[in-house]
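Accompanying notes for the structure given below.
The figures here come from the full heavy-atom set of this structure, side chains too, leaving out hydrogens, waters and symmetry mates.
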Amino acid sequence: MLTCGNWNDKRWYVAAILSWGIALFEYLLQVPANRIGYTTMSLMQLKVMQEIITLSVFVPFALLYMHQTSSLITSGRRFV
């Protein structure tokens, strides 16, 4: 099982570089996908697809890596 680990002894710029690296990777995938998708889908369809993809990545990360089980699931059920 994945664990969060202790990042307290790391410098702030390690977290900054890591987060910017993740954002750059997402951007490199998102821009070509939007350019290709806009030829066949509307802007609203692309936005909904982006949110679905974001949640499909974030929810497993939150559940498996951050161990956020009960609060994430119960808060999602309130809105359904």
Measure the CD-CG distance between Q50 and L55 for me, rounded to the nearest 0.5 Å.
10.5 Å
Distance col, row S56:OG vs M49:CE, nearest 0.5 angstrom, shows 11.5 Å
Would you give the length of the straight line joining atom CG of L29 to atom OH of Y27, rounded to the nearest 0.5 angstrom?
12.0 Å
In the hydrophobic clustering that connects Ile, Leu, Val, Met, Phe, Trp and Tyr at side-chain heavy-atom distances below 4.5 Å, which members other than L28 occupy its cluster, ordered by chain and number?
L24
With rounding to the nearest 0.5 Å, note down the distance linking CD in Q30 to CD1 in I53.
8.5 Å
Nearest 0.5 Å please: distance from the CE atom of M41 over to the CD1 atom of I36.
10.5 Å
Please go through M44's hydrophobic cluster and name the other residues, only I, L, V, M, F, W, Y counting, with side-chain heavy atoms under 4.5 Å joining them.
none
Which residues pass the ring-ring contact (aromatic ring centres under 6.0 Å, His included) test with Y38, not counting sequence neighbours?
none
Please round to the nearest 0.5 Å and tell me the distance separating atom OH of Y13 and atom CG of L18.
14.0 Å
Are any side-chain N or O atoms of E51 and backbone N or O atoms of V48, one a donor and one an acceptor, separated by less than 3.5 Å?
no
